[in-house]
> 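Dropping a structure here in structure tokens format, bear with me for questions.
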Amino acid sequence: MSALPDAANIPLPIAMTTPLPVLRVPMLDRERQLFAYEITFHREPDDEQTLLQRVLSTLTDGALTRLVRGNRAFLNLPTELLPEDSDVLLHQPRIGLLLQPQVADNTPLMKRLQLMSQRGCQLMLDAGDLELDGSLAIESLMQIVQFVRLDATLLSPEVLRQRTELLHARGIWVVADQVNDHATYERCLELPLQAIQGRYLLIPQPVAVPVLTASRLSMLRLMRALQENNPGPVELGNIIRDDAVLSYKLLSCVNSAYFALPRQLKSVQQAAIFFGVTRMRNWIDTMSLCSMDDRPPELLRAALIRAHMCEKLASGMPHGHEEMAFTVGLFSLLDTLMCAPMEFLLTHLRLVPEISDALTRRAGPFGELLDQILAWEAGKMTSEHAQPQRIQRMATIYLEAAQWADQVYASANGQAEN
């Protein structure tokens with residue numbers, strides 16, 4: 001049984017039954033809203049044709065569109081895999097290509113890309129730290145792309161500013177990549193950038209003295225109450241009885257058509273009896289975090305994805321471990337969400353040592369699960385470090401988790417899921 005209502009019981013599209021190992025990486029605009037996803041694909045040596053066929057299949061049957069919820073997305077494919085059948089992409093106006101500079105030296109490919117650009121396909125040049133005025137070939141490429149991505153790690157702040165301003169003056173939208181700390185992020189906000197991408201989204205902002213707002217303290221008190229004294233269904237209902245908004249979101253979500261319950265649940269107490277108290281605690285924690293409307297939605301989705309992945313990876317552990325694994329995944333971004341150090345936040349909670357050790361030191365079995373998820377997020381789970389079966393399992397779990405997280409976040413916020 002899943003710790004929360006589960007996407008795993010819902011039939012996946014045919015292309016998802018043997019999931020393509022894929023990762024969606026958000027690019028956020030200046031308001032920290034989603035601008036686009038970068039879609040990266042895991043591939044092994046000598047599987048180029050198989051990968052290309054599967055990518056085209058996910059485009060054709062709409063599986064990739066569902067993964068990105070109809071938002072703009074750029075496929076990060078090796079040059080040799082850029083599809084000759086460009087009509088597939090032309091029928092997906094929100095799906096574009098992320099191009100490497102070496103495509104400029106491939107004359108037949110450049111002709112095809114030029115035609116695709118003329119017909120409305122969105123193209124982004126992944127320029128990194130490349131000099132953009134160095135050759136006629138690169139200039140020809142610059143003529144057909146609408147976006148350029150620059151590497152904020154490889155470029156000095158001065159050069160990043162100069163190149164961003166030059167590209168902006170040419171009418172080309174600029175994305176800053178590898179923004180992996182908050183100091184770089186703050187500098188990027190001063191530039192005419194269309195979007196910012198990097199690990200900054202997932203790491204806590206350094207603070208000299210942590211200060212929690214009243215709403216944050218109230219949320220931590222709720223989470224602590226859920227962990228203390230092993231509350232039963234009646235006590236669980238009483239804990240959130242006075243929070244009408246949370247109770248409404250909780251019942252609306254569990255009663256949504258997505259989860260297809262056999263009967264409507266009319267109270268938190270009924271839900272706790274139906275699902276079990278432990279699972280309902282996780283569910284209430286989830287709804288609480290989803291109510292943080294001052295945090296980037298993609299950060300909240302990332303926490304939900306980690307929670308679901310941790311739970312599924314713990315499926316072979318003893319009884320009760322799946323629920324604890326879910327909590328580890330969900331709370332793994334609590335410091336980033338709350339803008340306070342993890343150790344400080346844990347003083348306000350009463351978590352079992354297995355969970356707190358995983359969150360603070362990546363120790364114990366749950367710490368190992370979290371390490372696997374972080375490796376997947378960073379694109380480091382390759383054939384050099386993992387067996388193909390393990391990679392395929394992670395791909396399956398990740399796609400289920402992304403689907404689940406999108407639906408839960410939409411339900412919690414009263415949104416219609418694409």
> Answer yes or no: does atom CZ of Phe344 have more than 12 heavy-atom neighbours from other residues, nucleotides or ligands under 6.0 Å?
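Yes.
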> Any idea which heavy atoms bring Leu59 and Gln92 closest together, and the distance?
O-NE2, 3.1 Å
> Report yes or no: do Ser218 and Arg221 form a side-chain donor-acceptor pair below 3.5 Å?
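Side-chain D/A pair, Ser218 to Arg221: absent.
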> What closest approach, in Å, do Gln178 and Thr153 show between heavy atoms, and which atom pair accounts for it?
O-OG1, 2.9 Å
> Might you confirm whether atom CG of Leu189 has over 12 heavy atoms from other residues, nucleotides or ligands at distances under 6.0 Å?
yes
> Do the side-chain N and O atoms of Gln162 and Glu158 include a donor-acceptor pair separated by under 3.5 angstrom?
no
> Report, as yes or no, whether the 6.0 Å neighbourhood of atom NE2 on His168 holds more than 12 heavy atoms from other residues, nucleotides or ligands.
no
> Would you kindly say whether Thr327 and Asn282 are connected by a side-chain donor-acceptor distance under 3.5 Å?
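There is such a pair (donor and acceptor under 3.5 Å, judged by atom type) between the side chains of Thr327 and Asn282.
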> Do Ser315 and Glu322 pair up side chain to side chain, a donor and an acceptor below 3.5 Å, judged on atom types alone?
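Their side chains do not contain a donor-acceptor pair, so the 3.5 Å distance test is not met.
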> Would you name the heavy atoms of Val179 and Ala152 that are closest together and state the gap between them?
CG2-CB, 3.9 Å
> On a heavy-atom basis, which atom in Asp335 and which in Pro341 lie closest, and how many Å separate them?
CB-C, 4.1 Å
> Specify the closest pair of heavy atoms between Gln100 and Leu125, including all atoms of both residues, with the distance to one decimal.
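For Gln100 versus Leu125, the nearest heavy atoms are C-CD1, 4.1 Å.
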> Run Glu228 and Arg281 through salt bridge (Lys or Arg N to Asp or Glu O under 4.0 Å) and show every step you take.
CA-CA 11 Å; Glu228 288 181 332; Arg281 285 204 304 254; over 6 Å; no
> Within 45° of the six-membered ring axis of Tyr37 and under 6.0 Å from that ring's centre, is NZ or CZ of Arg72 located there?
no
> Contact between Leu345 and Leu212 at the side-chain level, heavy atoms closer than 4.5 Å - yes or no?
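A side-chain contact exists here, since the closest heavy-atom pair is under 4.5 Å.
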> Should the pair Tyr200 and His182 be assigned to parallel (<30°), tilted (30 to 60°) or perpendicular (>60°) ring geometry?
perpendicular
> Side chains of Glu400 and Thr396 only: does a donor on one sit below 3.5 Å from an acceptor on the other?
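Looking only at side-chain atoms, Thr396 and Glu400 do not form any donor-acceptor pair under 3.5 Å.
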> I need the single residue from Leu155, Asp129, Asp151, Val174 that forms a side-chain contact (heavy atoms from CB on, under 4.5 Å) with Leu160. Which is it?
Leu155
> Do the ring planes of Tyr398 and Trp376 sit parallel (below 30°), tilted (30 to 60°) or perpendicular (above 60°)?
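It falls in the tilted class, 30° to 60°.
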